[in-house]
There are 2 protein chains.
Amino acid sequence: MSMSNIHVAIIEDDPEIRKLMEIVIDGSPGFSCFHTYEDAESALIGLPRYKPHLVLMDIHLPGMNGIECTRKLTSLLPDTQIIMLTIQEDDDSVFDSLCAGASGYLIKSTPPAQLMEALEEAHRGGAPMSPQIARKVVRSFRPKSQSPLSERETEVLALLCKGENYRSVADALFVSTNTVKAHIKSIYQKLQVNTRAEAVSQALRDKLI
Amino acid sequence: MSMSNIHVAIIEDDPEIRKLMEIVIDGSPGFSCFHTYEDAESALIGLPRYKPHLVLMDIHLPGMNGIECTRKLTSLLPDTQIIMLTIQEDDDSVFDSLCAGASGYLIKSTPPAQLMEALEEAHRGGAPMSPQIARKVVRSFRPKSQSPLSERETEVLALLCKGENYRSVADALFVSTNTVKAHIKSIYQKLQVNTRAEAVSQALRDKLI
DNA sequence: AACAAAATTACCCAAATGGGTCATGGCGAT
DNA sequence: ATCGCCATGACCCATTTGGGTAATTTTGTT
């Protein structure tokens, strides 16, 4: 039944690839591809009316790129799943894509059968991506390097992240404000910073806390 | 050939599940399970000698839990891939596990065939996890809510994250320090904070920048 | 036993920060 | 045209912060 089919839209500037994907999708039972676009701008105008279930988005588009288009599309169509397509396996734009709201990340050379499996998975609430990309994403949660801070210093830094000042940190740790000052000075030296904001920023970025 | 087999260790306190998994793994061509442990403490003593390729780690262990054990194990054996096992599909500990260094996250009821596929994938450099978990992980990259800040305020906040002060922010944006002060005051009001550290902390946490 | 690192506390002082209040001009929406 | 938001700028003042220097005690490791 066409009514219950999964509707897929394609945004891809290469006419050959676009046509090829359209044929693969339309030829798959349970899927329909009614709308294809060759650039981000026309997709942003057309798509809000059609509310597709899935969008296959080329990352490299002429004019507005696929990541910026994803950012705009997710706020226009929060229920539409967007899957990025890229040529490079180890593309650095994977994190930018996920931050922009993409649900998956595939390479263009993915064979038709696997592409359809990925679309199926995306529609079922998954996040299809190649194993290498998945590992990269998972690794991003780990601390990048061994923390140079002592346990106590880490405790202090965690409190600074909550916006506490000398006085309240001191109270929380049952020490004097002078001690807190000493710890903070030591933290600054080790992290090579000289303000709280920078220390907090680095702590969160490098997952020291 | 046993020498080139993928060596899997199991850390699981339930003797039945442990034995079952051991049988499944040993019965799979290309895999061997030489070492099993019923708690984190004995695993941490035993494993460094054997350096398995993969570890199946139960999250809920008596004594030290699986996440803490993962943290210690990844620093002892950085080349060993650790895959977490849990009963709950939507366990909140997935992020803690990944931060601790886990490479995958499976539920215990995963059928043997899929379990072995996941182990294969982990060993090939992937990050096996259920589609629901994958989506959860991917979603964590998105900003949680619409930013209340204006464009200019966001610019200022980004500079504060780099540790800049009134003077340097003012220079970077070609405005007076008083204007920067005004922007910062406005940021504080909107974010309901009253120090830089807290503003920066919230900005990075909520992905406002 | 000796040494290094960490935790603790103290004091001085200059600079940075945060709060309060006010004012002007531009711009979009009602 | 009026209201609200935004960006810009200014001034005062109390508090907080960061840098310098120094000392004691605990703890862990040779």
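If you're wondering where the values come from, they're calculated on a predicted model, not measured in any experiment. The chains referred to below are lettered A, B, ... by the order of the sequence lines, with proteins before strands, and numbering in each begins at 1.
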Taking atom CD as the centre, does E41(B) end up with more than 12 heavy-atom neighbours from other residues, nucleotides or ligands that are less than 6.0 angstrom away? yes
Would you mind reading off the distance between R196(A) atom CZ and dT17(D) atom P, rounded to a whole angstrom? 4 Å
Name the residue closer to the 5' end of DNA chain D, choosing between E151(B) and K181(A) according to the nucleotide with the nearest heavy atom. E151(B)
Rounded to the nearest Å, what distance is computed from the CD atom of residue E198(A) to the C1' atom of nucleotide dT17(D)? 15 Å
What's the closest nucleotide to the E153(A) side chain, out of dA7(C), dT9(C), dG18(C)? dA7(C)
For S150(A) and dA7(C), is the shortest distance between a side-chain N/O and OP1 or OP2 below 4.0 Å? yes
Pair R124(A) + E121(A), salt bridge at N-O below 4.0 Å: no
Between dA15(C) (P) and N194(A) (CG): distance, integer Å: 15 Å
Could you give the distance from OG (S93(B)) to NE2 (H60(B)), rounded to the nearest 0.5 Å? 5.5 Å
In short, L76(B) meets P48(B) closest at the heavy-atom pair CD1-CG, 4.1 Å
Selection from dT8(D), dG18(C), dA7(C) that lies nearest to any side-chain heavy atom of V175(B): dT8(D)
Electrostatic pair R71(A):D96(A) at N-O distance under 4.0 angstrom: no
With a non-hydrogen cut-off below 4.0 angstrom, is T179(A) in contact with a base, only sugar-phosphate, or nothing? base
To the nearest angstrom, how far is L173(B) atom CG from dC6(D) atom P? 17 Å
Once you round it to whole Å, what is the distance between P of dG18(C) and CG of N165(B)? 11 Å
Could you tell me the separation between the CD atom of Q189(B) and the C1' atom of dC5(D), rounded to a whole number of Å? 13 Å
Is it true that atom NZ of K72(A) has more than 12 heavy atoms of other residues, nucleotides or ligands lying nearer than 6.0 Å? no
Given that V180(A) and K190(A) both sit by DNA chain C, which one's nearest nucleotide is further toward the 5' end? K190(A)
Does R152(A) put a side-chain nitrogen or oxygen below 4.0 Å from OP1 or OP2 of dT8(C)? yes
Select base, sugar-phosphate, or nothing to describe what Y166(B) touches, counting heavy atoms under 4.0 Å on all strands. base
Euclidean distance, atom CZ of residue R167(B) to atom C1' of dA16(C) [Å, nearest integer]: 13 Å
When the rotation axes relating C1' atoms of four end pairs to the next four are compared across the helix from dA1(C)-dT30(D) to dT30(C)-dA1(D), five pairs an end, they differ to 10° by 60°
Is there a donor and acceptor pair, one atom on the side chain of K185(B) and one on the base of dG18(C), closer than 3.5 Å? no
Residues of residues 200-209 of chain A with a heavy atom under 4.0 Å from any atom of DNA chain C, listed by number, are none
NA contact type, T195(A), heavy-atom cut-off 4.0 Å: base, sugar-phosphate, or nothing? sugar-phosphate
Could you work out, with salt bridge (charged side-chain N to carboxylate O under 4.0 Å, His left out) as the rule, every residue matching R205(B), not counting sequence neighbours? none
Report yes if some heavy atom in the side chain of L47(B) is under 4.5 Å from a heavy atom in the side chain of L73(B); otherwise report no. yes
Answer with base, sugar-phosphate or nothing: what part of the nucleic acid does T177(B) contact at a heavy-atom distance below 4.0 Å? nothing
What is the ring orientation for H7(B) with H53(B), classed by angle as parallel under 30°, tilted 30 to 60°, or perpendicular over 60°? perpendicular
On the nucleotide dG19(D), are OP1 or OP2 found under 4.0 Å from the side-chain N or O atoms that Y188(A) carries? no
Indicate, with a heavy-atom threshold strictly under 4.0 Å, whether N178(B) touches base, sugar-phosphate, or nothing. base
Residue S176(A), side-chain heavy atoms: nucleotide from dT8(C), dG19(D), dT9(C) that is nearest: dT9(C)
Is NZ or CZ of R196(B) both nearer than 6.0 Å to the six-membered ring centre of Y166(B) and within 45° of the ring axis? yes
I187(B) CD1 to dG18(C) C1', in whole Å, measures 13 Å
Could you tell me whether R167(B) and D171(B) make a salt bridge, using a distance below 4.0 angstrom between a side-chain N and a carboxylate O? yes
